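Numbers here simply count residues along the sequence, with the first being 1. Quick caveat: nothing in here was measured; it's all calculated off a predicted structure.
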Amino acid sequence: MMACSHTCSRILGLSLSATALFAAGTNVALLFPNWDVTYLLRGLIGRHAMLGCGLWGGGLMVLTAATLISLMGWRYGCFSKSRPCQSMLIALLSSGLALLGALICFITSGVALKDGPFCMYDVSSFNQTEAWKYGYPFKDMHNRNYLYDHSLWNSACLEPSKAVVWHVSFFSALLCISLLQILLVVIHFFNSFLGLFCSLCEKS
């Protein structure tokens with residue numbers, strides 16, 4: 001059973017590492033709408049993307065935890081002689097770190113999808129003095145949900161082109177990645193608890 005627990009830790013560590021890299025890559029893509037660097041240079045990137053939750057939350061924090069989990073699974077270095085209680089403590093710390101990072105990424109992605117993309121839109125219909133400005137055209141649109149009303153996708157945002165598709169695609173990907181990370185962390189926690197229980201039973 002202990003060997004099975006270690007094998008599971010190795011798989012979980014590698015899986016979490018892969019999701020962390022995907023999360024970081026997805027967040028990078030959000031900084032370059034249509035792969036155009038000029039929006040970032042002009043400061044025309046939405047606050048959710050600039051927050052970088054996929055880089056440091058679902059990315060760096062999860063990757064750090066995944067490295068600890070993998071080292072525990074391979075029993076490498078200082079982890080080779082760790083006692084069951086020490087292993088459980090490390091497992092709790094790594095699980096907590098990964099869970100925090102994944103939750104930050106999940107919540108931020110959900111809020112970003114709710115608020116919609118940051119883009120140039122026509123505000124003349126809102127009785128504003130300016131005809132065009134950058135902002136969140138769907139944020140105060142309470143009577144229509146842009147996620148379900150695809151007719152708004154090409155009409156609301158004037159620049160960048162396909163801003164809604166870009167925003168929804170990559171933040172949806174981040175949402176799914178962070179949800180998978182949370183699932184993997186829960187599995188890791190139960191696997192660690194099972195490993196502790198089996199090691200204590202073997203010693204008794």
Side-chain angles (χ1 to χ4, degrees), residues 1-32 45-115 167 169-204:
M1 284 296 291
M2 284 299 296
C4 181
S5 178
H6 292 155
T7 302
C8 188
S9 292
R10 295 169 199 166
I11 296 170
L12 287 170
L14 289 172
S15 301
L16 277 170
S17 297
T19 60
L21 294 175
F22 277 119
T26 303
N27 204 133
V28 168
L30 284 163
L31 298 175
F32 304 100
I45 302 296
R47 61 177 178 271
H48 308 102
M50 288 300 293
L51 185 61
C53 63
L55 290 171
W56 59 269
L60 183 60
M61 289 174 70
V62 173
L63 186 61
T64 304
T67 304
L68 289 172
I69 293 168
S70 295
L71 290 173
M72 286 176 61
W74 289 103
R75 309 295 288 177
Y76 183 79
C78 61
F79 297 100
S80 60
K81 297 179 181 179
S82 58
R83 296 177 180 178
C85 290
Q86 290 175 327
S87 297
M88 190 61 190
L89 178 61
I90 296 167
L92 286 172
L93 289 173
S94 58
S95 296
L97 182 64
L99 184 63
L100 179 61
L103 280 173
I104 290 170
C105 190
F106 181 81
I107 293 169
T108 306
S109 300
V111 173
L113 286 171
K114 176 182 174 293
D115 290 347
H167 179 88
S169 299
F170 285 107
F171 270 116
S172 295
L174 264 183
L175 194 75
C176 293
I177 290 168
S178 56
L179 189 61
L180 177 59
Q181 288 174 339
I182 292 169
L183 178 63
L184 290 171
V185 169
V186 171
I187 294 171
H188 168 62
F189 176 78
F190 283 108
N191 175 65
S192 301
F193 184 79
L194 181 63
L196 174 66
F197 179 76
C198 291
S199 65
L200 292 174
C201 288
E202 285 176 3
K203 286 191 175 183
S204 61

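Here OG1 of Thr26 is found 4.0 Å from CD1 of Ile177. Values are rounded to the nearest 0.5 Å. Residue Ile11 holds its CD1 atom at 10.5 Å from OG of Ser70, rounded to the nearest 0.5 Å. Here CE of Met61 is found 4.5 Å from CG of Leu97. Values are rounded to the nearest 0.5 Å. Rounding to the nearest 0.5 angstrom, the gap separating the OG1 atom in Thr108 from the CZ atom in Phe171 is 8.0 Å. With values rounded to the nearest 0.5 angstrom, Ser95 atom OG is found 11.0 Å from Leu184 atom CG. How far OG of Ser178 is from CG of Leu99: 11.0 Å, rounded to the nearest 0.5 Å.
Leu183 places none of its side-chain heavy atoms less than 4.5 Å from the side chain of Leu179. Within the 4.5 Å cutoff, side-chain heavy atoms of Leu16 are placed close to those of Ile69. Between Met50 and Leu30, the closest side-chain pair of non-hydrogen atoms is not below 4.5 Å. When side chains are defined from C-beta on, Phe32 does not count as touching Ile45, because their heavy atoms never get closer than 4.5 Å.
In terms of heavy atoms, Ala29 sits closest to Phe170 at CB-CE2, 3.6 Å. Between Ala98 and Ala65 the shortest heavy-atom distance is CB-CB, 3.6 Å. The shortest heavy-atom contact between Gly13 and Ala66 is O-CB, 3.4 Å. Nearest heavy-atom pair across Ile182 and Ala102 is CG1-CB, 3.7 Å. Nearest heavy atoms, Cys53 versus Asn27: N-OD1, 3.2 Å. Residues Gly110 and Leu175 approach most closely at N-CD1, 3.7 Å, considering heavy atoms.
By the ring-ring contact (aromatic ring centres under 6.0 Å, His included) test, His188 pairs with no residue at all, sequence neighbours left out. Scored by the ring-ring contact (aromatic ring centres under 6.0 Å, His included) test, Phe22 finds no partners at all (sequence neighbours excluded). Partners of Ser172 by side-chain contact (heavy atoms from CB on, under 4.5 Å), not counting sequence neighbours, listed by chain and number: Leu113, Val168.
Remark: the backbone N or O of Val62 is not paired with any side-chain donor or acceptor of Gln181 at under 3.5 angstrom.
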